[in-house]
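Worksheet: one structure, shown below.
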Number of protein chains: 2
Amino acid sequence: MADDKDTRLREAAEKLALTLAQGGMQKTTARVMTALLFSRQETMTAGELCEELQISSGAVSGAVKQLIPTGMIERVPAPGSRRDHYRFREHAWATLMSNQNAMLTVMKDSAAEGIEAAGQDGVLGSRLHEMRDFYAYMERQLPALIDQWREQYDSAG
Amino acid sequence: MADDKDTRLREAAEKLALTLAQGGMQKTTARVMTALLFSRQETMTAGELCEELQISSGAVSGAVKQLIPTGMIERVPAPGSRRDHYRFREHAWATLMSNQNAMLTVMKDSAAEGIEAAGQDGVLGSRLHEMRDFYAYMERQLPALIDQWREQYDSAG
DNA sequence: CTTTGCATTTACAGATCTCTGAACGCTGAG
DNA sequence: CTCAGCGTTCAGAGATCTGTAAATGCAAAG
């Protein structure tokens, strides 16, 4: 029974990992992330990840190396143990979306660069103008949206 | 002079393509997209894309095949010419962001699936609960944000 | 109906990426 | 100071992806 639910959990994790992989994320990286996300435990060691996902310790090391800088997971100091413990980070989703803001900035800047070279006129000018306007708008509004969610979520408990 | 600006334009296009490629988009697909985006012309033919990007016609065909379904570019009926003309689509950015809504739904559903299997309690329960709440919120608010931009942009002209 | 010009498809080759297994290095225990 | 137990790094094998060139398909023009 608990075993059955565990199976469903593992399947859900793998399914999501596959979707994320389609969307550009490294396959193993995605699997490590979803394994931590769908784990019943608070944290998992590298060894546990190896066994659960049937991958080498080198692969885990590499995945973790990609995940930590994005803020999705974190290394947890493990007193009394030499093994590294990893945990899916609190508010990771909000962090992830905030990181996407960087991409919005890139897009906006790229449009601005084009306008600088081509001017505001003509087909190209208006195309780039719309692009710059759109991303400037999103760049301003998205963080506000995330903050709103935080407030709403914190107050609702 | 115009040549100089054209160079800057082409460089800006390639630079953005590279960034998009880092973010998971196919390299050639990204190059085709940015070539159309930064083109002075309203539309470009497949042949022009081949020459500009120094790639085969097969590669163009493949890239276009990926780009059209996402709504980023469109095929333009070319009366009096057998060549296909392609154009960067109006409001493509808003479309692109709307498409991301599908991903938000996937995330929300995945969280819900996990909760169904694991319940709301425990570490896992609250982790998934936060995830579901966050994505449900974004799924509702993002389309509204895009609409707001449209209104603002249309009225400002 | 044939020809012509283009787009598309496909098989293949080349490049790239990613994992594994082993060597290496670090840190804490004894 | 040495050993044990990890994590990390690295070279190489394997798989995957992607672009090219050629064959194929299709549609308009003559």
Side-chain angles (χ1 to χ4, degrees), chain A residues 13-14 16-36 39 41 43-70 72-88, chain B residues 13-14 16-36 39 41 43-70 72-88:
Chain A
E14 289 293 310
L16 181 57
L18 210 66
T19 304
L20 293 172
Q22 304 281 351
M25 191 184 290
Q26 208 109 353
K27 192 178 156 192
T28 300
T29 305
R31 296 219 304 150
V32 167
M33 194 190 102
T34 59
L36 287 166
S39 168
Q41 302 166 221
T43 68
M44 285 178 82
T45 66
E48 285 170 338
L49 286 165
C50 287
E51 191 173 348
E52 165 101 19
L53 302 174
Q54 295 292 326
I55 56 180
S56 71
S57 63
V60 171
S61 181
V64 153
K65 202 173 175 179
Q66 288 196 299
L67 251 14
I68 288 181
T70 69
M72 293 306 293
I73 72 170
E74 61 190 345
R75 210 181 300 256
V76 178
S81 166
R82 252 177 319 194
R83 301 176 212 193
D84 282 357
H85 286 240
Y86 299 102
R87 167 168 56 188
F88 195 85
Chain B
E14 289 293 310
L16 180 57
L18 210 67
T19 305
L20 292 172
Q22 304 279 351
M25 192 185 290
Q26 208 107 355
K27 190 178 156 194
T28 300
T29 304
R31 297 219 304 149
V32 167
M33 195 192 101
T34 58
L36 287 166
S39 167
Q41 302 166 218
T43 69
M44 285 179 84
T45 66
E48 286 170 337
L49 286 165
C50 286
E51 192 174 346
E52 165 102 18
L53 303 174
Q54 294 292 327
I55 57 180
S56 72
S57 64
V60 171
S61 182
V64 154
K65 201 173 176 177
Q66 289 197 297
L67 251 13
I68 288 181
T70 68
M72 295 306 293
I73 72 171
E74 62 191 345
R75 209 183 301 258
V76 177
S81 166
R82 252 174 321 194
R83 300 175 212 193
D84 282 357
H85 286 241
Y86 299 102
R87 169 170 52 190
F88 195 84

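No experiment lies behind these values; they were computed from the predicted model shown. By convention in this document, chain letters (A, B, ...) are assigned in the order of the sequence lines, proteins followed by strands, and residues within each chain are numbered from 1.
Residue Ile55(B) contributes atom CD1, which lies 7 Å from atom P of dT20(D) at whole-angstrom precision. dC6(C) atom C1' lies 14 Å from atom CD of Glu48(B), rounded to whole Å. Between Leu67(A) atom CG and dT8(D) atom P there is a gap of 13 Å when expressed in whole angstrom units. In this structure, Gln66(B) places its CD atom 13 Å from P of dT9(C), rounding to the nearest Å. For the pair Lys27(A) NZ and dT16(D) C1', the computed distance is 11 Å after rounding to whole Å. We find that CZ of Arg83(B) is positioned 9 Å from C1' of dG5(C), with the value rounded to whole Å. Atom CE in Met25(B) sits roughly 16 Å away from atom C1' in dT18(D) (whole-Å rounding). With rounding to whole Å, Leu18(A) atom CG is found 13 Å from dT16(D) atom P.
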Please step through side-chain contact (heavy atoms from CB on, under 4.5 Å) for the pair Gln41(B) and Glu48(B), ending with a clear verdict. CA-CA 11 Å; Gln41(B) 302 166 218; Glu48(B) 286 170 337; 3.5 Å; yes
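Atom CE of Met25(B) and atom CE of Met72(B) lie 6.5 Å apart (nearest 0.5 Å). A distance of 10.5 Å separates CZ in Phe88(A) from CD in Glu74(A), rounded to the nearest 0.5 Å.
For Ser56(A), taking side-chain heavy atoms from C-beta onward, the closest of the listed nucleotides dT20(C), dT18(D), dG5(D) is dT20(C). Residue Ser61(A) places its side chain closer to dT8(D) than to any other of dA7(C), dT8(D), dG7(D). Counting only heavy atoms from C-beta on, Arg75(B) has its side chain closest to dT8(C) among dT8(C), dT8(D), dT20(C).
A donor-acceptor pair under 3.5 Å is absent between the side-chain atoms of Ser39(A) and the main chain of Ala35(A), judged by distance alone. With hydrogens and angles ignored, the 3.5 Å screen pairs no side-chain donor or acceptor of Ser81(A) with any backbone N or O of Ala78(A).
Residue Lys65(A) has a polar side-chain atom (N or O) positioned under 4.0 Å from OP1 or OP2 of dT9(D). Distances shown here put every side-chain N or O of Gln26(B) at or beyond 4.0 Å from the OP1 or OP2 atom of dC17(D).
When each of Thr29(B) and Thr45(A) is assigned the nucleotide of DNA chain D bearing its nearest heavy atom, the one mapping closer to the 5' terminus is Thr45(A).
Across all strands shown, Ala59(A) has heavy atoms under 4.0 Å from base atoms, whether or not it also approaches the sugar-phosphate.
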